[in-house]
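In what follows, chains are A, B, ... by sequence order, proteins preceding strands, each numbered from 1.
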Number of protein chains: 2
Amino acid sequence: MSKSVSKAARATSLPSSKLRPQPEAQPPRPAEGLSIAQVAEQAGVSVATVSRVLNGHENVRPATRDKVLAAVDASGYRVNELARNLRTAESRLLLTMVPDVGNPFYAEIVRGIDSVARQHGYFMLLCDTGADPGRERSYFDLLRRRRADGAICLDPATIQQALGEASSALPWVACCEFDPEMGVPYVGIDNYKAAGDAVRHLLSRGHRRIGLINSDVDYLYARQRQQGYLDALTEAGITPDERWRMNLNSLDYEAGASAAALLMQQPHASNAAPSAIFAVSDTLAIGVIHGLRSVGKRVPDDVAVVGFDDISLAAQVDPPLTTIAQPMRELGETAARLLLQRLANPLANVPGVLLPHRLVIRRSA
Amino acid sequence: MSKSVSKAARATSLPSSKLRPQPEAQPPRPAEGLSIAQVAEQAGVSVATVSRVLNGHENVRPATRDKVLAAVDASGYRVNELARNLRTAESRLLLTMVPDVGNPFYAEIVRGIDSVARQHGYFMLLCDTGADPGRERSYFDLLRRRRADGAICLDPATIQQALGEASSALPWVACCEFDPEMGVPYVGIDNYKAAGDAVRHLLSRGHRRIGLINSDVDYLYARQRQQGYLDALTEAGITPDERWRMNLNSLDYEAGASAAALLMQQPHASNAAPSAIFAVSDTLAIGVIHGLRSVGKRVPDDVAVVGFDDISLAAQVDPPLTTIAQPMRELGETAARLLLQRLANPLANVPGVLLPHRLVIRRSA
DNA sequence: GTGAAAGCGCTAACAG
DNA sequence: CTGTTAGCGCTTTCAC
């Protein structure tokens, strides 16, 4: 899912021979305060007619339409959407609330959301909540205050639940992180199964002491993945050791690194330290590899590592990361569609959706 | 201007046991259409008074204020900002246009912007332009249509120039990428000097064949860094070889990886391939390290690598990346402040500002 | 096919 | 201190 190119005027763009070719023609009058009324006057029609052509209504005589259009771009007029929004009672803005914009996993999802939103004439307002309930609530209030028409929430389930109670009627959907019981439309993956897949891969490579570096248990996905991990181990006849598990309140590289170092140095019964680690996000896993290296362990020879998400970076680190791939782009796109659907038909029963994940085997495990 | 809502999500749409438990307590009345008038009535005062307490004006008797406040939260009323915005003629939305939200460098800057925007009562609308002039223009139009009060642009200078000609009067500022000649307020670093610093570091380590993996020349910073690279080499008595230089139209890891592989395999006069590479972004540099490894070169033993930006990941890869640190957070914060300043006083002469960079030496070079 | 007029919900004079 | 009132710029009946 790589970006794209967008060459524009590349290559030929010389240092700056002439920075302003535009000999200062008369651009359509920047026109600060210019209202539909002036355009109407200039075109010799009524405001109603101008409004009609602006909105592409059918019932306007071509000749009239042309007159109006001419007046519009002679004057450089742009509709004032503030007024339009008030009148039509919609802002055409969609909120997206993420715990951390800097996380590449969320970044890709956000792209998916943005792309379908724009496709449908909406803009996306990105909100970095830092997983803070207070900020979350204040952003959510934008819905009630009519600043936004709908919202997509990727924040921890614990936060969502609080939100849901206070406002189950508001138009919002959950993405990646969701509680099916909550009655809010959602899209995500089967975290329990995915975690099991990761662990079973490690098992199949002969590992029996498998560590889990997990995120905050505020996240339902963290609890689900942990359960998947636990059950997979148990099914293989292994009794999970508590000392193999850690919960972090951050997904940063640094957090993963120090957690891994800690995990390996912990007093384990002689050589009973984990021979493999399952980290619930790639950022964590990349940190883990770094942390392992810092305490003299090699990956995958001494310790195998599997991550989660399959961000684009996963293939680039050394060793390339074995991981569970989530369809990030689609997750975002689907969330946006679900929301749009809800907006179009508030009464319809919007379903929950699960998208498929898959195990990507590279060299780290 | 499409508005239909396309199909829902396909894939495994869960059976959806019971999608709407909806305990239906009685929260303060979700109150869809509730206007200031009803609150006024309920409080036994006029709309003007309600408005006054809502906006924290002084001249309201405490008793009256309390009555109003009581009515407000008894009814669960929230102001309709659509109306407020129209009346006050401002949207309190700031646009941020970036070429790629997924790039960790931009992500951190965006955080800086968002933080000071919120601090000042603004929200930030994030726009991923993909460095596409068309999308850029359409986003920019949001300013004219009053959807946003101001904008911060991080897109290529070539695009900015087109924008500037069409609308130098609009309230916007440039960040990281800027043309001082353009008369638009900006914040960034001294790219020429920074690139020189990177190259001089390599020189001091004894390298004389230094490659440059650069981004698209649409970016002024790319041209400036190239010049810094060229001059540093020349000053050291080295004649730069054209075959040491590459321009990429992407900053993705993959792009860096394949460029590096290509650079090393190119037919150089016998063993005249570069012994060091300067990449103009950390993402590129990380890709470069990966690409080098894929053709059997070790870093830094066979080839040294220095990057640019100092994203958090730089310290986590193997080997940790030597790089030029940019004060990303401050860049964003400063850009936001400049814009706010311009908004507060449109006539004031807002200056350009350069922030300091610094060389961070780690193990890759 | 086109125009006149009534608001959308709020803020800000201006009176009292 | 509080209430009345006039719009902000647009869309949308309802007449003609």
From the list [options], which nucleotide is the closest neighbour of the side chain of [X]?
X: B/Val47; options: D/dT2, D/dT4, C/dC10; value: D/dT4
X: A/Ser46; options: D/dT4, C/dT11, C/dG3; value: C/dG3
X: B/Leu86; options: C/dG9, D/dG3, C/dT11; value: C/dG9
X: A/His57; options: C/dT11, D/dT12, C/dG3; value: D/dT12
X: A/Arg52; options: C/dG3, D/dC10, C/dT11; value: C/dG3
X: B/Ala48; options: D/dC10, C/dG9, C/dA12; value: C/dA12
X: A/Asn59; options: C/dT2, D/dG3, C/dG9; value: C/dT2
X: B/Arg87; options: D/dG9, D/dC1, C/dA12; value: C/dA12

Rounded to the Å, how far apart are [X] [atom1] and [N] [atom2]?
X: A/Glu58; N: C/dT2; atom1: CD; atom2: P; answer: 13 Å
X: A/Lys67; N: C/dG1; atom1: NZ; atom2: C1'; answer: 11 Å
X: A/Asn80; N: D/dT11; atom1: CG; atom2: C1'; answer: 13 Å
X: B/Gln38; N: C/dG9; atom1: CD; atom2: P; answer: 8 Å
X: B/Leu54; N: C/dA12; atom1: CG; atom2: P; answer: 12 Å
X: A/Leu34; N: D/dC10; atom1: CG; atom2: C1'; answer: 14 Å
X: B/Asp66; N: D/dT2; atom1: CG; atom2: C1'; answer: 16 Å
X: B/Ile36; N: C/dC8; atom1: CD1; atom2: C1'; answer: 14 Å

Has [X] got a side-chain N or O lying under 4.0 Å from the OP1 or OP2 atom of [N]?
X: A/Arg61; N: C/dG1; answer: no
X: B/Asn55; N: C/dT11; answer: yes
X: A/Thr49; N: C/dG3; answer: yes

(message) Exactly one of B/Arg147, B/Arg146, B/Arg144 should register a salt bridge (charged side-chain N to carboxylate O under 4.0 Å, His left out) with A/Glu81. Which one does?
(response)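 By the salt bridge (charged side-chain N to carboxylate O under 4.0 Å, His left out) criterion, A/Glu81 pairs with just one of B/Arg147, B/Arg146, B/Arg144: B/Arg147.
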(message) For B/Tyr186 and B/Phe178, take the angle between the two ring planes, folded into 0 to 90°, and tell me which bin it lands in: parallel under 30, tilted 30 to 60, perpendicular over 60.
(response)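 B/Tyr186 vs B/Phe178 ring planes: parallel.
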(message) Under a 3.5 Å distance rule, please check whether B/Arg52 uses its side chain to pair with a backbone N or O of B/Val60 as donor and acceptor.
(response)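 No, B/Arg52 side chain to B/Val60 backbone: no donor-acceptor pair under 3.5 Å.
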(request) Check for a donor-acceptor pair, side chain of A/Arg111 on one end and backbone N or O of A/Arg329 on the other, with a separation under 3.5 Å. (result)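 No, the answer is negative, given that no donor and acceptor are paired below the 3.5 Å cut-off.
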(request) Before accepting this row, confirm whether a basic side-chain N of the pair B/Asp141/B/Arg137 lies closer than 4.0 Å to the acidic partner's carboxylate O. (result)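 So B/Asp141 does not pair with B/Arg137 through a salt bridge.
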(request) Using a heavy-atom cut-off of under 4.0 Å over every strand shown, decide if A/Ser51 touches base, sugar-phosphate, or nothing. (result)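 Base contact - A/Ser51 has a heavy atom under 4.0 Å of at least one base atom.
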(message) What I want to check is whether the side chains of B/Arg84 and B/Asn55 have a donor and an acceptor closer together than 3.5 Å.
(response)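 On atom types as modelled, these side chains qualify, holding a pair under 3.5 Å.
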(message) Please compare B/Arg65 and B/Ala83 by the position of their nearest nucleotide in DNA chain D and report the one closer to 5'.
(response)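 Result of the comparison: B/Arg65.
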